[in-house]
Amino acid sequence: MANPLKTEVIRLYKNLLYLGREYPQGAAYFKQRLKSAFMKHKDVTDPEKIKQLVARGDHVIKELEALYFLRKYRAMKKRYYEPEK
């Protein structure tokens, strides 16, 4: 793996690990799934394939951020607005 791609993969792993702390099923569950996903692709050496996998990881980051935002929005809405009947 080329050096710029290696740093990109490490950055992705650290960001996902950080975001996984608030995962609904628990941080330990997320960490285990994250590690297995990265280990599954540890032998990939094709730079294009690595870039595709990193892009997929960036998409997962955006999905997690959306999930957390929606959870916070629902909590705020529940707290400040009366339930609609």
Side-chain angles (χ1 to χ4, degrees):
M1 183 167 24
N3 195 19
L5 292 176
K6 184 176 182 177
T7 57
E8 192 71 18
V9 170
I10 291 171
R11 176 201 59 80
L12 177 66
Y13 187 81
K14 285 182 178 181
N15 285 343
L16 284 168
L17 198 58
Y18 177 77
L19 286 173
R21 295 183 311 159
E22 295 181 34
Y23 195 69
Q25 293 180 340
Y29 173 80
F30 187 86
K31 187 175 180 180
Q32 177 187 7
R33 295 284 307 261
L34 178 65
K35 184 177 179 182
S36 67
F38 271 77
M39 293 304 284
K40 185 168 87 172
H41 298 292
K42 71 178 180 177
D43 296 326
V44 176
T45 57
D46 181 33
E48 289 302 314
K49 180 68 176 170
I50 294 172
K51 287 178 185 176
Q52 287 177 349
L53 292 169
V54 168
R56 185 175 172 193
D58 288 334
H59 178 73
V60 169
I61 287 175
K62 290 177 185 172
E63 290 292 321
L64 284 171
E65 288 172 343
L67 172 75
Y68 297 155
F69 178 77
L70 184 61
R71 184 176 66 186
K72 289 177 183 177
Y73 170 77
R74 286 181 178 162
M76 293 286 287
K77 186 176 179 184
K78 190 180 201 181
R79 201 173 294 149
Y80 293 109
Y81 295 103
E82 292 184 23
E84 295 177 13
K85 295 178 182 176

Check your understanding: Got more than 12 heavy atoms from elsewhere within 6.0 Å of CZ, R71?
Key ->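 More than 12 heavy atoms, drawn from other residues, nucleotides or ligands, come within 6.0 Å of this atom.
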Check your understanding: If you draw a 6.0 Å radius around CZ in R11, do more than 12 non-hydrogen atoms from other residues or ligands fall strictly inside?
Key ->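 Count over threshold, so yes.
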So how far is it from [X] [atom1] to [Y] [atom2], rounded to the nearest 0.5 Å?
X   : Y   : atom1 : atom2 : value
L19 : K62 : CG    : NZ    : 13.0 Å
L67 : K72 : CG    : NZ    : 10.5 Å
K35 : L17 : NZ    : CG    : 11.0 Å

Practice item. Give the C-alpha distance, both sets of side-chain angles, the deciding distance and a yes or no for side-chain contact (heavy atoms from CB on, under 4.5 Å) between R33 and Q25. Key: CA-CA 11 Å; R33 295 284 307 261; Q25 293 180 340; 5.8 Å; no
Practice item. State which residues pass side chain to side chain contact (heavy atoms under 4.5 Å, CB included) with K51; sequence neighbours excluded, sorted by chain then number. Key: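 Checked K51 against side chain to side chain contact (heavy atoms under 4.5 Å, CB included); matches are L5, E48.
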Check your understanding: Residues two or more places apart in sequence or in another chain: which of them pass side chain to side chain contact (heavy atoms under 4.5 Å, CB included) with D43?
Key ->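 Expected list: none.
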Practice item. Please test I61 against L12 for side-chain contact (heavy atoms from CB on, under 4.5 Å), starting from the C-alpha separation and ending with a verdict. Key: CA-CA 9 Å; I61 287 175; L12 177 66; 3.7 Å; yes
Heavy-atom side-chain contact between [X] and [Y] under 4.5 Å:
X   : Y   : result
R56 : Q52 : no
F30 : L64 : yes
R79 : R74 : no
M39 : K42 : yes

**Study point:** Pair K49-L53, side-chain contact (heavy atoms from CB on, under 4.5 Å): steps then yes or no
**Key:** CA-CA 6 Å; K49 180 68 176 170; L53 292 169; 4.3 Å; yes
Practice item. Walk me through it: do Y23 and Y68 pass the test side-chain contact (heavy atoms from CB on, under 4.5 Å)? Key: CA-CA 8 Å; Y23 195 69; Y68 297 155; 3.9 Å; yes
Exercise for review: Kindly write out the residues that satisfy ring-ring contact (aromatic ring centres under 6.0 Å, His included) with Y13, not counting sequence neighbours, or none if the list is empty.
Suggested key: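 Per chain and number, Y13 pairs via ring-ring contact (aromatic ring centres under 6.0 Å, His included) with F38.
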